Amino acid sequence: MKTTLCRIAGTPLTKVVDFGRQPLGNGFLEPHQFSGEYFFPMEVGFSEDSMMFQLIEQPDPEKMFHDHYAFYSSTSNYMARHFKEFADQVLRSGYLVKDDPFIVELGCNDGIMLKNFASQNLRHLGIEPSLNVAREANKHGVRTCSEFFTEQLAESIVAEHGQADAFLAANVMCHIPDISGVVRGIKKLLKPTGVVMFEDPYLGEVVAKTSYDQIYDEHVFLFSALSIRYLFALHEMELIDVQPQTTHGGSMRYVLAHRGAYPVGDSVVRLVAGEQEQGLDRLATFESFRVSVEESRTKLVSLLRDLKARGKKVAGYGATSKSTTILNYCGIGPDLIAYISDTTPIKQGKCTPGMHIPVVPYQTFKEDPPDYAVLFAWNHAEEIMAKERDFMAAGGKWIVHVPEVRVL
Ligand code: TYD
């Protein structure tokens, strides 16, 4: 699915960065699958009308979210805590009716957030098109529906359960090319007093930190308060609060409601002013972003080549989807990075998409540590640094690429 028009405003998109041929970010594969591997040209565009930063082409969602989707949210303890806090905030927010509230989560994955509502016997429904992760959610007592969310699905949910008090999503909204269809569905699903609370990686952070690895096939959009406000305003909805999050290397939680239902908070006014100052409404900002991305690539590749020349062993830590963009954009393969360790069983024994670096179990990292480890899961740096004191004590060094390429 390629578009030359902004998915929100319908006006022409301007190409801002070209990442070349990219595979699926989560497309970990075995050697017998190499010959049929799927690639697409990954370019990003920006619209000064909607202020939406978006992929120009995106693979069909069916290629990415299916019954062997490799991403399980609950692999990180930190994320489990984060979603417990998110759920607690929803419960304390005052937006839910006291008597029998109904909570819907889009892309509930393995139930990491909804299980906090399920355990309190609150009415809930998780919408999760990837069957394997939805089954995992069911094991945690989370009720799911394995379909893509559309206006029609919203209507059938309302017919069966009534309207919702809260519509939640985490790291999901930015995945959906037909986001306008989702917002139309939300408009129907929400009670007049209902709220939408969702979070996604934040464009402001991506630009500030040159964390271009947030751009991959699944992230069709990177949002800002400006673009979210624009999108929802087209459907008579309003951004009423924003709350920065540290997850995924810098995310934003957006709270929206039907227009006029609640006052617009100062947090929105402040963030929007900050974004205008940062230039998130202007093409020129993304032209400088492209230059920073190119510089980051040059530095990372020359660092890895230099380490190789010095006979150092380099591995990767965390076979993230994000790493797929870095590896393929920079042309980094098994010659520069021997292996990537990852705790997710479904990724182990496979190879990384496109560059085919072996993904090994975490034990390999413990038993055969490298001299240098590229921290591809840099968004979990705090948790990982605390866990890997032995690696550092034994002289192991980390390589990070955000906010700039350096050895720690
Ligand atoms: P994630 O942060 O979700 O990144 P992305 O959205 O880019 O895939 O994924 C983190 C990956 O890192 C996941 O595959 C699990 C792995 N991981 C480890 O191997 N060890 C760890 O200590 C942590 C926190 C994550």
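As the structure is a computational prediction, the values presented were derived from the model and not from experiment. Start at 1 and go down the list; that is how both ligands and their atoms are numbered.
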Of all the atoms in ligand 1, which lie at a distance below 4.0 Å from a heavy atom belonging to [X]?
{"X": "Ala377", "value": "12 (O)"}
{"X": "Thr344", "value": "13 (C), 14 (O), 15 (C)"}
{"X": "Tyr216", "value": "6 (O)"}
{"X": "Gly318", "value": "12 (O)"}
{"X": "Lys322", "value": "2 (O), 4 (O), 5 (P), 7 (O)"}

> So is Lys347 close enough to ligand 1, meaning a heavy atom under 4.0 angstrom away?
Replying inline: yes

> Can His248 be said to touch ligand 1, with heavy atoms closer than 4.0 Å?
Replying inline: yes

With no hydrogens and no angle check, do the side chains of [X] and [Y] hold a donor and an acceptor under 3.5 Å apart?
{"X": "Ser224", "Y": "Ser227", "value": "yes"}
{"X": "Lys187", "Y": "His258", "value": "yes"}
{"X": "Ser267", "Y": "Asp241", "value": "yes"}

> For the residue pair Phe289 and Phe53, what are the closest heavy atoms and their distance?
Replying inline: CE2-CZ, 4.1 Å

Pick, from [options], the option with the minimum heavy-atom distance to [atom].
{"atom": "atom 20 (N) of ligand 1", "options": "Tyr317, Tyr362, Phe365", "value": "Tyr317"}
{"atom": "atom 22 (O) of ligand 1", "options": "His380, Lys387, Glu383", "value": "Lys387"}
{"atom": "atom 11 (C) of ligand 1", "options": "Asp213, Thr320, Thr247, Asn379", "value": "Thr320"}

> Partners of Lys350 by side-chain contact (heavy atoms from CB on, under 4.5 Å), sequence neighbours excluded?
Replying inline: Phe28, Glu30, Ile346

>> Checking Glu37 now: which residues fulfil salt bridge (Lys or Arg N to Asp or Glu O under 4.0 Å) with it, not counting sequence neighbours?
In response: none

> Side chain or backbone of Ile384 under 4.0 Å from ligand 1, or both, or neither, by non-hydrogen atoms?
Replying inline: side chain

>> Within the structure provided, determine whether Tyr362 and Lys387 are in side-chain contact (heavy-atom separation under 4.5 Å).
In response: yes

>> Looking at Asp49 and Ala9, would you say the former's side chain and the latter's main chain have a donor-acceptor pair under 3.5 Å?
In response: no

